[in-house]
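Notes to accompany the following structure.
Just so it is clear, the structure is predicted and the values come from calculations on it, not from any experiment. Note on naming: letters A, B, ... go to the chains in the order of the sequence lines (proteins, then strands), and numbering restarts at 1 for each one.
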Protein chains: 2
Amino acid sequence: MPYERLKTAILKHVPFSDEEAATFCNAFQPQRYKPKEYLLRAGEICRFEGFVAQGCLRVFALDARGGEHVLYFAPEDWWVTDLDSFTNQQPSWLFVQALEPSTVLQITKADKDRLYAALPATEKLFRIMGQKTLVALQRRMLSALSQTADARYLAFVGKYPALAQRLTQQQVAAYLGITHEFLSKIRRRLGQKK
Amino acid sequence: MPYERLKTAILKHVPFSDEEAATFCNAFQPQRYKPKEYLLRAGEICRFEGFVAQGCLRVFALDARGGEHVLYFAPEDWWVTDLDSFTNQQPSWLFVQALEPSTVLQITKADKDRLYAALPATEKLFRIMGQKTLVALQRRMLSALSQTADARYLAFVGKYPALAQRLTQQQVAAYLGITHEFLSKIRRRLGQKK
DNA sequence: GGCAACCATTGAACTAGTTCACCAAGTGCC
DNA sequence: GGCACTTGGTGAACTAGTTCAATGGTTGCC
């Protein structure tokens with residue numbers, strides 16, 4: 001049951017009763033995606049906020065020359081949306097794509113607004129989750145400003161070893177902000193055979 | 001009156017009555033800082049969340065070799081804290097320093113928690129402000145991943161022209177993730193005399 | 001009013017990371 | 001079972017950005 005993961009995840013932050021948790025979870029619709037399938041493309045309006053029950057997605061942007069740059073990966077238990085496009089219902093500049101066969105529990109903007117009204121603790125839930133995301137992104141920003149690609153790569157595999165295994169090197173490179181050729185050279189230098 | 005700026009700022013996001021707004025604002029204490037004065041140093045626990053009523057601060061980190069890297073600047077109407085250290089009351093890895101003579105309205109963790117309890121809309125207020133900060137940081141992260149230093153510099157002065165005037169080039173460079181020497185060369189190349 | 005900091009600029013030598021072209025191995029598809 | 005496609009690796013030439021050292025101009029301080 002994909003809803004169990006969602007229930008467990010939210011109860012970590014907010015003390016919902018069983019009924020409240022059910023009200024919360026029932027506002028989400030499960031959707032399955034095949035590898036390479038897009039949930040959102042730049043120019044579209046993001047109609048969902050999703051909780052990944054299974055699989056792995058990526059959120060990325062294209063630069064002027066067609067290069068892909070990964071904002072984040074979303075494996076199981078992560079949330080995925082274009083926050084700006086979703087909250088303001090305006091055109092996105094991001095792509096959201098499944099990397100593996102994935103199941104995502106999705107909520108619409110209207111249903112999320114209903115949740116805020118029906119269960120006030122929802123405010124706190126998303127405030128806290130947003131704060132954690134912000135702290136993590138601040139760390140990554142500082143890492144981008146201050147560390148060399150070698151150090152960023154080591155930090156990434158150190159922090160997310162299981163995820164690093166699931167991703168191709170191209171995806172990892174697009175997250176680190178380097179070319180996959182250079183990542184290959186870093187790995188050789190570090191003697192990483194894995 | 002420094003509280004007027006704070007009141008105006010919060011009423012943009014949340015419909016407080018005059019009494020509620022007063023309750024909110026009175027939880028904050030004004031503090032004045034001289035240029036170069038530190039509000040927080042790495043290793044300390046961040047005891048405040050602040051609203052800048054006047055002046056300008058910077059939040060930065062040191063790398064292994066002593067280089068400074070700016071996470072963000074906080075001029076008038078911006079909020080400033082080490083979110084991680086403040087919310088979890090654990091040692092910080094950041095520095096917060098005044099760049100100009102500044103007045104900051106500050107709240108402690110305990111008083112902020114009291115606000116959350118006394119005025120539930122406070123949850124919404126900080127959820128929304130957090131979301132906006134997150135969206136802005138996502139944009140900056142993608143810019144760091146995908147753009148050259150020239151483009152990032154132009155984007156910065158384009159987005160924050162007044163702020164760029166107030167800062168030294170060293171500060172701007174530490175925000176862009178380049179050396180101030182290289183920033184100087186970029187500016188020459190662009191023919192910027194300002 | 002003079003000295004000490006700090007700031008912006010510049011040039012030369014260097015290094016981290018890119019680009020392009022190519023090759024080998026795996027994987028999935030029909 | 002074969003073919004197309006994607007992936008990972010490698011080398012050579014290149015470029016964006018760093019490092020170091022030096023200079024001159026402001027600014028602020030006592």
Side-chain angles (χ1 to χ4, degrees), chain A residues 33-37 55-56 58 60 62-70 73 97-101 143-157 163-194, chain B residues 34-37 56 58 60 62-70 73 97-101 143-157 163-194:
Chain A
Y33 297 98
K34 286 183 285 212
K36 303 195 185 168
E37 198 171 345
C56 186
R58 64 171 180 154
F60 70 99
L62 290 183
D63 65 30
R65 290 165 44 212
E68 300 179 349
H69 305 276
V70 172
F73 299 108
Q97 184 188 35
L99 293 173
E100 304 175 1
S143 155
L145 289 178
S146 64
Q147 294 193 287
T148 146
D150 294 57
R152 272 161 21 229
Y153 172 66
L154 287 174
F156 179 70
V157 297
L163 181 58
Q165 300 281 15
R166 292 165 80 171
L167 300 169
T168 67
Q169 314 249 130
Q170 326 244 5
Q171 298 305 332
V172 174
Y175 176 88
L176 294 176
I178 57 177
T179 61
H180 68 279
E181 293 98 327
F182 189 54
L183 177 54
S184 173
K185 286 160 196 173
I186 287 175
R187 283 162 51 87
R188 176 176 39 160
R189 207 182 322 167
L190 296 174
Q192 297 239 355
K193 291 309 151 205
K194 276 283 186 56
Chain B
K34 285 183 286 212
K36 303 194 186 172
E37 199 172 345
C56 185
R58 64 170 178 154
F60 70 99
L62 291 183
D63 64 29
R65 289 165 46 211
E68 300 180 348
H69 305 276
V70 172
F73 300 107
Q97 184 187 36
L99 293 173
E100 304 176 359
S143 155
L145 290 177
S146 64
Q147 294 192 287
T148 153
D150 294 56
R152 274 161 20 230
Y153 171 66
L154 287 174
F156 179 71
V157 297
L163 180 59
Q165 300 282 16
R166 292 164 81 171
L167 300 169
T168 66
Q169 314 245 135
Q170 327 241 7
Q171 298 306 333
V172 174
Y175 177 89
L176 296 176
I178 57 177
T179 60
H180 69 279
E181 292 97 327
F182 189 54
L183 177 53
S184 174
K185 286 160 196 174
I186 288 175
R187 284 162 51 86
R188 178 177 35 162
R189 206 182 319 165
L190 296 174
Q192 297 241 352
K193 291 308 152 211
K194 275 284 186 56

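In this structure, Gly177(A) and Leu145(B) approach most closely via the heavy-atom pair CA-CD2, 3.5 Å.
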List every contact pair, protein side and nucleotides 27-29 of chain C side both N or O, where the distance is under 3.5 Å.
none

Short N/O separations, protein against nucleotides 6-8 of chain D, under 3.5 angstrom:
unit_1, atom_1, unit_2, atom_2, d
dG8(D), OP1, Gln169(A), N, 3.2
dG8(D), OP2, Gln169(A), N, 3.1

Can you pull every protein N or O that's under 3.5 Å from an N or O on nucleotides 16-19 of chain C?
unit_1, atom_1, unit_2, atom_2, d
dG17(C), OP1, Ala149(A), N, 3.2
dG17(C), OP2, Thr148(A), OG1, 3.4
dT18(C), OP2, Thr179(A), N, 3.1
dT18(C), OP2, Thr179(A), OG1, 3.3
dT19(C), OP1, Arg65(A), NH1, 3.0
dT19(C), OP1, Arg65(A), NH2, 2.9
dT19(C), O4, Lys185(A), NZ, 3.3

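One distance of note links CG of Leu167(B) with CZ of Phe156(B); it measures 5.5 Å at 0.5 Å rounding. In this structure, Leu183(B) CG and Gln171(B) CD are separated by 11.5 Å, a value rounded to the nearest 0.5 Å. Separating the OH atom in Tyr153(A) from the OG1 atom in Thr148(A) is a distance of 13.5 Å, to the nearest 0.5 Å. For the atom pair Glu181(A) CD and Gln170(A) CD, the distance stands at 8.0 Å (nearest 0.5 Å). Atom NZ of Lys185(B) sits about 9.5 Å away from atom NE2 of His180(B), to the nearest 0.5 Å. Rounding to the nearest 0.5 angstrom, the gap separating the CG atom in Leu154(B) from the CZ atom in Arg187(B) is 11.0 Å.
For Arg188(A) and dG9(D), the shortest distance from a side-chain N or O to OP1 or OP2 is not below 4.0 Å.
Judged purely by atom type and a 3.5 angstrom limit, Gln97(A) uses its side chain to pair as donor or acceptor with the backbone of Lys36(A). Panel note: side chain Arg152(B), backbone Ala144(B); no donor-acceptor pair is recorded below 3.5 Å.
Whole-Å rounding puts the Lys34(B) NZ to dG28(D) C1' distance at 15 Å.
For the pair Phe60(A)/His69(A), no side-chain contact is recorded, criterion being any heavy-atom separation below 4.5 Å from C-beta on.
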